[in-house]
Enquirer: 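One structure, pasted below without further comment.
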Amino acid sequence: MMRYSEMFLPTTKETPSDAEILSHQLMLRSGMIRKLAGGIYTYLPLGYRVIRKVENIVREEMNRAGAQEVFMPAVQPAELWVESGRWEMYGKELLRVRDRHNRDYCIGPTHEEVITALVRDEIQTYRQLPMNLYQIQTKFRDEIRPRFGIMRSREFGMKDAYSFDATEQSAEESYQKMFDAYIRIFTRFGLTFRPVEADSGTIGGSFSHEFMVTADSGEDGMIYCTSCDYAANLEKAEIARPEEKHDVDYSPMEEVHTPDVRTIEEVSAFLGVAPEDVVKTMIFMSDGEPVAVLVRGDEDINETKLRNYLGCDSLELAMDDTILEVTGSPRGFAGPIGIKSRIIADYSLMNMKDFVVGANKEDHHIKNCNSGRDFEIQNYADLRLIREDDPCPRCEGKLRIARGIEVGHVFKLGVKYSKAMNATFLDSDGKEKLMIMGCYGIGIGRTAAACIEQSHDEDGIIWPMSIAPFQVIITPVNINDEKLSKTAEELYDSLVADGIEVILDDRNERAGVKFKDADLIGIPIRITVGSKSLAEGKVEVRFRKSGEVEKIPLETVRGFITKTINDGLKCA
RNA sequence: CGGGGCGUAGCGCAGCCUGGCAGCGCGCCUGCUUUGGGAGCAGGAUGUCGCAGGUUCAAAUCCUGCCGCCCCGACCA
């Protein structure tokens, strides 16, 4: 397959200073990738071998799940995006370009528009459904801040699949098929991962799961229950509605002078009460309308939940002048009493009594405030950020927080795009209906990076057999020793003949250099051909992961290697 | 977009404060020795000091502008 001496494989001893996380450092050091510009990378031969293996596993499982591979254009006409409404909505992440005729295009960050247009034009009847089409293609998202190498780059490889169904039930099945395929895919990569319930964001739709690879370096937070299956993205993580207790034994309300006391910490310290006895009043602008959102002092608002609850497009904290207008006081003294806006409150308010709020008056707060008596809360909702040890919404267990890398997501899109772009079919009842869609993504490069995050040691990468760039590396200890190099060459030829992915380290380097490189690039099996063992007619088979070494007689190496690789592919 | 940092040989960095021969380590090339965990000795090559302008007898060094990269934040999914 490959001789090391001929391969373009520039490894380095030193770690590049601008690589922060381990997978990025190791990808650079092992000669897998090189940066061309911010968030834009070239895959070198070793890196591209890994990428192709990841793609092929994804491809196999997508095909197995009944999806068909297509290949769509990277450059997409603006009209499609105008039609779906995303030319306006998508924002600066969409890289827009003009052609020589001054027509607008974008470099596809995703392909809902293209696929919907295609299917709309070609599919007429329910008899042609369900249909699931996918592609593996380079996307471009002009991230504000690309980082962590290939983990969060601007240009990146992605598998994206789109399902079209005639009925809700069929759409559920399509979703489930993809969900199951994803489980198989990430299992084959040897990853420790977890599907978590997720917010469906601006892509829209009703339901979605993210596939999170657990890693401390992960950019995403997730929570999981210690005693049931519940797991969710931090932003999505639900909090159950507490039981309402009716306690009407209220103390009389009291206004107190609190000069220059603004934050929850300052208020609770100044008044000698716990943050749990203070209510935070935050003024948001929801599509231009002010809304007062109340949450217990020790909790934080989850803006994603709030946005979903309000069903608004834009949501931001109000500016100082708006606060003054709505509350009549400067920032830091907002409270619900007499406020000129709608008031909603998080569940954490439900059983609070005699709490502290801002007085809507500079340098004043109010003690012993109570909802119902002193002001009215229009609605209670689940609006706060989850915390470690919060109760599980599904069982009696407690929630834990972990970090993860989002390697895949599955969305139920519903009719968002079919409606906007008029993708209909004729149903058996003779009526025209909207196709029900789903979309399913896997980050190819990110998945490879996640594998490294989860599987490495101080010497380098430890690839699982399924995506290792080579399954075996043969290392003759000294290339100038005729016997060693001849044995290594013969072994190499026979393994190649067996269809094994093997690289022969035929460089005229000292053994230590070769060992270090073999470890760094993470080849699962190393066959060392050295004079001591060879005198006994044996070679040494060393496993990258465990470091264990077995001396195997030359005659039986081929069978041993084949079996080991097959076992490795099965369990990985 | 705001804050901070960086840009000097292929890579990692020093030199800049206090202007005066462009340096170190790794890598690379040649030769000899060496050959089981990143060898030793000897010799050698390699720079628009990010770009442009300014100050100065003299600029990697000081000043101005621009570009690129990294980190933190805001933003987005």
Side-chain angles (χ1 to χ4, degrees), chain A residues 8 10-21 24-25 28-31 34-41 86 89-95 109-110 112 139-149 152-154 156 158 160 198-205 208 210 212 219-221 233-236 303-304 307-308 313-317 405-409 411 439 441 443 446 457-460 475-482 484-485 488 505 507-521 526-535 539-540 542 544 547 549 551:
Chain A
F8 177 38
T11 59
T12 66
K13 263 195 270 195
E14 281 168 297
T15 305
S17 57
D18 55 1
E20 260 211 311
I21 59 169
H24 188 197
Q25 294 172 357
L28 289 166
R29 285 192 54 209
S30 64
R34 287 293 183 264
K35 183 167 71 182
L36 179 64
I40 301 178
Y41 289 83
R86 288 206 291 186
M89 288 299 295
Y90 214 93
K92 288 186 184 155
E93 229 170 84
L94 188 64
L95 183 67
T110 175
E112 279 84 6
K139 311 286 191 205
F140 194 96
R141 294 183 188 171
D142 201 356
E143 295 277 348
I144 287 175
R145 191 144 93 84
R147 62 187 118 175
F148 304 145
R152 188 179 189 81
S153 49
R154 295 195 295 170
F156 60 100
M158 178 170 166
D160 46 324
D199 183 66
S200 40
T202 57
I203 291 189
S208 86
E210 289 173 348
M212 302 280 256
E219 287 190 273
D220 297 289
N233 183 301
L234 269 193
E235 294 176 339
K236 167 86 178 176
E303 286 193 30
T304 303
R307 187 186 303 266
N308 288 344
D313 287 329
S314 81
L315 181 73
E316 57 206 358
L317 273 170
I405 301 162
E406 181 193 345
V407 289
H409 64 197
F411 282 103
C439 77
R446 185 182 280 189
D457 62 16
E458 60 281 1
D459 292 317
T475 309
V477 160
N478 182 354
I479 206 78
N480 299 315
D481 183 325
E482 276 281 320
L484 296 188
S485 59
D505 194 348
R507 293 176 299 169
N508 186 14
E509 288 285 353
R510 297 165 61 85
V513 174
K514 297 188 185 186
F515 293 157
K516 287 289 183 190
D517 275 333
D519 286 349
L520 177 62
I521 67 178
R526 186 181 85 207
I527 303 177
T528 314
V529 182
S531 49
K532 278 176 235 157
S533 298
L534 195 58
V539 291
E540 293 159 31
R542 184 175 193 273
R544 175 67 181 85
V549 177
K551 290 193 179 186

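Below, read A as the first sequence line, B as the second, and so on, with proteins coming before strands; counting in each chain starts at 1. Computed from heavy atoms alone, side chains included, the values below leave out hydrogens, waters and symmetry copies.
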Enquirer: Distance between the C1' atoms of B:C63 and B:C17, in whole angstroms?
Expert: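 That atom pair is separated by 15 Å.
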Enquirer: Restricting to side-chain contact (heavy atoms from CB on, under 4.5 Å), what partner residues turn up for A:Arg307, sequence neighbours left out?
Expert: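 Partners of A:Arg307 by the side-chain contact (heavy atoms from CB on, under 4.5 Å) criterion, ordered by chain and then number, come out as A:Cys312, A:Leu315.
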Enquirer: Which value, in whole Å, describes the distance between the P atoms of nucleotides B:G25 and B:A14?
Expert: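 Looking at atom P only, B:G25 and B:A14 are 15 Å apart.
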Enquirer: Strictly by Watson-Crick or wobble contacts shorter than 3.5 Å, is anything paired with B:G31, and which nucleotide is it?
Expert: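 Here B:G31 is engaged in a pair, and the nucleotide opposite it is B:C41.
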Enquirer: For the residue pair A:Thr110 and A:Glu112, confirm or rule out a side-chain donor-acceptor distance under 3.5 Å.
Expert: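 Yes, because at least one side-chain N or O of A:Thr110 sits under 3.5 Å from a partner of the opposite role on A:Glu112.
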Enquirer: What is the distance from CD of A:Glu93 to P of B:C75, rounded to the nearest Å?
Expert: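 Atom-to-atom, A:Glu93 to B:C75, this comes out as 14 Å.
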Enquirer: Counting only Watson-Crick pairs (N1-N3 plus N6-O4 or O6-N4) and G-U wobbles (N1-O2, O6-N3), all under 3.5 Å, who is the partner of B:G7?
Expert: B:C67
Enquirer: Between A:Arg152 (CZ) and B:C71 (C1'), how many Å, whole number?
Expert: 15 Å
Enquirer: Which residues satisfy the side-chain contact (heavy atoms from CB on, under 4.5 Å) test with A:Asp160, sequence neighbours excluded?
Expert: A:His111, A:Gln135, A:Lys139, A:Met158, A:Tyr162
Enquirer: For A:Glu210 and A:Arg154, find the nucleotide of RNA chain B closest to each by heavy atoms; which residue's nucleotide sits nearer the 5' end?
Expert: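 The residue mapped nearer the 5' terminus is A:Arg154.
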Enquirer: Describe the nucleic acid contact of A:Asp220 in one word from base, sugar-phosphate, nothing, applying a heavy-atom distance below 4.0 Å.
Expert: base
Enquirer: Please check this pair: side chain of A:Glu93 against backbone of A:Arg141, looking for a donor-acceptor N/O pair closer than 3.5 Å.
Expert: no
Enquirer: Between B:G15 and B:G54, how far apart are the C1' atoms? Round to whole Å, please.
Expert: 24 Å
Enquirer: Go through B:G73, B:C69, B:C75 for me and flag the one nearest to the A:Asp18 side chain.
Expert: B:C69
Enquirer: Measure from the side chain of A:Arg147, starting at C-beta and using heavy atoms only, and say which of B:C70, B:C72, B:C76 lies closest.
Expert: B:C72
Enquirer: Write down the distance between CG (A:Leu234) and P (B:A77), rounded to a whole number of angstrom.
Expert: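 Checked: the CG to P distance equals 17 Å.
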Enquirer: Please measure how far the C1' atom in B:C6 lies from the corresponding atom in B:G12, and state the result in whole Å.
Expert: 14 Å
Enquirer: Tell me the interatomic distance from A:Met89, atom CE, to B:A77, atom C1', rounded to whole angstroms.
Expert: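 To the nearest whole Å, that distance equals 12 Å.
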Enquirer: When you check every protein heavy atom under 4.0 Å of nucleotides 24-40 of chain B, what one-letter string (B, S, -) results, 5' to 3'?
Expert: -BSS------BBBBBB-
Enquirer: Can you tell me the distance, in whole Å, between the CG atom of A:Leu317 and the P atom of B:G73?
Expert: 17 Å
Enquirer: A:Glu20 side chain: which of B:A77, B:C71, B:C1 is closest?
Expert: B:C71
Enquirer: If I take atom CG in residue A:Leu36 and atom P in nucleotide B:G68, what distance separates them, rounded to the nearest angstrom?
Expert: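 It is 13 Å, rounded to the nearest whole Å.
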Enquirer: In whole angstrom, what separates A:Ile144's CD1 from B:C70's P?
Expert: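 Roughly 15 Å, once rounded to whole Å.
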Enquirer: Could you tell me which nucleotide pairs with B:C24 by Watson-Crick or G-U wobble geometry, both distances under 3.5 Å, or answer none if nothing does?
Expert: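 Partner of B:C24: B:G12.
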Enquirer: Please give the distance between the C1' atoms of B:C16 and B:G5 as a whole number of Å.
Expert: 16 Å
Enquirer: On a whole-Å scale, what distance lies between the P atoms belonging to B:A22 and B:A60?
Expert: 8 Å
Enquirer: Quick one: list whatever passes salt bridge (Lys or Arg N to Asp or Glu O under 4.0 Å) with A:Asp142, sequence neighbours left out.
Expert: A:Arg154
Enquirer: Which part of the nucleic acid, if any, lies within contact of A:Glu235, taking any heavy atom under 4.0 Å across all strands shown: a base, the sugar-phosphate backbone alone, or nothing?
Expert: base
Enquirer: Does A:Arg526 qualify as a cation-pi partner of A:Phe515, given the criterion of NZ or CZ under 6.0 Å from the six-membered ring centre and within 45 degrees of its axis?
Expert: yes
Enquirer: Between A:Asn233 and A:Asp220, does any side-chain donor sit less than 3.5 Å from a side-chain acceptor?
Expert: no
Enquirer: If we call it a pair only when both distances are under 3.5 Å in a Watson-Crick or G-U wobble match, what pairs with B:G2?
Expert: B:C72
Enquirer: Could you tell me the separation between the CD1 atom of A:Ile21 and the P atom of B:C72, rounded to a whole number of Å?
Expert: 11 Å
Enquirer: Between B:G38 and B:A74, how many Å separate the two C1' atoms, rounded to a whole number?
Expert: 44 Å
Enquirer: Mind checking who B:G19 pairs with, Watson-Crick or G-U wobble, both distances under 3.5 Å?
Expert: none
Enquirer: Using the C1' atoms only, state how far B:G40 lies from B:G7, rounded to an integer number of Å.
Expert: 36 Å
Enquirer: Should B:C49 form a Watson-Crick or G-U wobble pair with both distances under 3.5 Å, which nucleotide is its partner?
Expert: none
Enquirer: Looking across every strand, which nucleic acid part, if any, lies under 4.0 Å from A:Lys92 by heavy atom: base, sugar-phosphate, or nothing?
Expert: nothing
Enquirer: Mind checking what makes side-chain contact (heavy atoms from CB on, under 4.5 Å) contact with A:Glu219, not counting sequence neighbours?
Expert: A:Arg147, A:Phe148, A:Arg152
Enquirer: side-chain contact (heavy atoms from CB on, under 4.5 Å) with A:Leu520: which residues, sequence neighbours excluded?
Expert: A:Thr11, A:Leu26, A:Arg29, A:Ser30, A:Asp517
